[in-house]
*Asks:* 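Here it is, the structure, as C-alpha cells.
Nothing here was measured: the structure is a model prediction, and the numbers come from that model. For reference, positions follow the sequence shown, starting with 1.
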Amino acid sequence: METLRIGEVAGRAGVNVQTLRFYERRGLLPEPPRRSSGYREYAPESVRRVLFIKRAQELGFTLAEVEELLRLREDPRIPCREVRATAETKIADIEEKIRRLRAMRAALAALVESCVANREHHCPLLEALDEAPVRSRPRGAKASRSSEAKS
C-alpha cells in the first residue's frame with residue numbers, strides 16, 4: 001500500500017504541514033502510524049479527507065460542524081436527511097449573518113452620511129461609537145469571529 005509523507009499530503013491537498021498537524025490534534029484527521037525514522041505515514045485517503053474538510057470550511061462550516069459531517073460521511077447507515085438537516089441549519093445561520101451584516105451596513109452608512117453633512121469640528125461617527133452601548137451576549141453564547149475581530 002502506498003503511503004505519503006506529511007509534505008506530500010499537504011502539497012496534494014493545498015494546505016501547509018501545520019494545518020495537517022492541527023487537524024490531527026483536533027481529531028479531524030486520524031494520527032497516522034510512524035515509520036521507525038519517526039516520519040508519519042499517511043494513507044492516500046488522507047488527501048481526500050483534508051480536501052473534504054477544506055471544502056466544508058469554504059461553505060461556512062465550523063471545525064466542530066466539520067467533525068459532525070465527517071461522522072456522517074463515515075457511517076453508511078446514517079440517512080441523507082441528517083446531512084440535509086445539517087446543511088439546512090447552516091443555510092439558516094448564513095441567512096442570519098447576512099441579515100445582521102445588512103443592518104450593520106445600514107447603521108454604518110447612516111453614520112458616514114452624518115459625517116458628510118456635519119461641518120463642525122467634532123465627528124459624529126466617532127461620537128456614536130463612543131456613546132453606543134455595547135450589547136452583551138447571553139451567558140454561554142460563543143463570540144463569532146466577526147465580533148472577536150471587533151474587540
Side-chain angles (χ1 to χ4, degrees), residues 1-113 115 125-126 128-151:
M1 178 174 124
E2 175 193 19
T3 60
L4 305 170
R5 290 182 30 188
I6 194 166
E8 294 170 313
V9 174
R12 291 182 188 185
V15 299
N16 64 48
V17 169
Q18 294 304 321
T19 300
L20 296 180
R21 291 183 181 136
F22 176 73
Y23 288 170
E24 284 178 26
R25 286 191 305 274
R26 283 286 312 244
L28 296 168
L29 188 62
E31 189 171 334
R34 293 183 182 258
R35 296 179 184 166
S36 58
S37 62
Y39 287 110
R40 292 170 168 92
E41 290 185 309
Y42 290 90
E45 162 61 22
S46 298
V47 174
R48 188 168 168 237
R49 187 177 181 98
V50 172
L51 290 172
F52 179 93
I53 294 166
K54 296 309 293 176
R55 286 184 197 118
Q57 286 183 297
E58 288 169 5
L59 290 173
F61 289 98
T62 65
L63 289 178
E65 292 166 333
V66 171
E67 264 184 276
E68 177 64 12
L69 289 171
L70 287 167
R71 186 187 67 77
L72 295 171
R73 175 183 180 243
E74 291 166 359
D75 189 344
R77 298 168 298 164
I78 294 176
C80 186
R81 70 178 174 270
E82 286 192 41
V83 179
R84 180 185 173 113
T86 301
E88 288 172 341
T89 299
K90 180 49 65 181
I91 290 169
D93 291 347
I94 291 168
E95 291 295 333
E96 176 60 19
K97 285 179 186 175
I98 290 169
R99 187 196 63 73
R100 282 185 280 140
L101 285 170
R102 285 187 176 138
M104 289 167 51
R105 184 184 184 285
L108 187 56
L111 288 171
V112 167
E113 185 61 34
C115 285
L125 195 148
L126 293 176
L129 292 173
D130 200 26
E131 295 171 4
V134 176
R135 287 187 283 158
S136 63
R137 294 184 311 274
R139 284 195 184 265
K142 291 183 179 178
S144 68
R145 286 187 182 185
S146 61
S147 64
E148 289 171 354
K150 293 177 194 171
S151 299

*Asks:* More than 12 heavy atoms of other residues, nucleotides or ligands under 6.0 Å from CZ of R105: yes or no?
*Replies:* no

*Asks:* At what distance, to the nearest 0.5 angstrom, does NZ of K97 lie from NZ of K90?
*Replies:* 5.0 Å

*Asks:* Compare all side-chain heavy atoms of E65 with those of D93 and state whether any distance is below 4.5 angstrom.
*Replies:* yes

*Asks:* Please examine the side chains of L63 and F22, heavy atoms only from C-beta on, and report whether any two atoms are closer than 4.5 Å.
*Replies:* yes

*Asks:* Any carboxylate oxygen within less than 4.0 angstrom of a Lys/Arg side-chain nitrogen, looking at R48 and E45?
*Replies:* yes

*Asks:* Does this structure show an ion pair linking R5 with E8, if we count only N-O contacts that are shorter than 4.0 Å?
*Replies:* no

*Asks:* Could you pull out the closest heavy-atom pair between V17 and G7, with the gap in Å?
*Replies:* CG2-CA, 4.2 Å

*Asks:* Under 4.0 Å between a side-chain nitrogen and a carboxylate oxygen: does that hold for E2 and R12?
*Replies:* yes

*Asks:* Can R40 and V9 be said to form a side chain to side chain contact (heavy atoms under 4.5 Å, CB included), step by step?
*Replies:* CA-CA 10 Å; R40 292 170 168 92; V9 174; over 6 Å; no

*Asks:* So, taking the atom named CD1 in I91 and the one named CD1 in I94, what distance separates them when rounded to the nearest 0.5 Å?
*Replies:* 7.0 Å

*Asks:* If you compare all heavy atoms of A56 against all heavy atoms of V66, which two are closest, and at what distance to 0.1 Å?
*Replies:* CB-CG2, 3.7 Å

*Asks:* Under 4.5 Å between any side-chain heavy atoms of L51 and R55, yes or no?
*Replies:* yes

*Asks:* Of all the heavy-atom pairs spanning L20 and A10, show the shortest one and how long it is.
*Replies:* CD1-N, 3.6 Å

*Asks:* Under 4.0 Å between a Lys/Arg side-chain N and an Asp/Glu carboxylate O for R84 and E88?
*Replies:* yes

*Asks:* If we only count heavy atoms from C-beta on, is the V15 to K54 side-chain gap below 4.5 Å?
*Replies:* yes

*Asks:* Looking at CG of L69 and CZ of F61, how far apart are the two atoms once the value is rounded to the nearest 0.5 Å?
*Replies:* 5.0 Å

*Asks:* Would you say the side chain of T89 lies within less than 4.5 Å of the side chain of T86, judging by non-hydrogen atoms?
*Replies:* no

*Asks:* Between E24 and R21, does any NZ, NE, NH1 or NH2 come within less than 4.0 Å of an OD or OE carboxylate oxygen?
*Replies:* no

*Asks:* Is a donor on one side and an acceptor on the other found under 3.5 Å between the side chain of R49 and the backbone of L28?
*Replies:* yes

*Asks:* Check step by step if side chain to side chain contact (heavy atoms under 4.5 Å, CB included) holds for V47 and V50.
*Replies:* CA-CA 5 Å; V47 174; V50 172; 6.0 Å; no

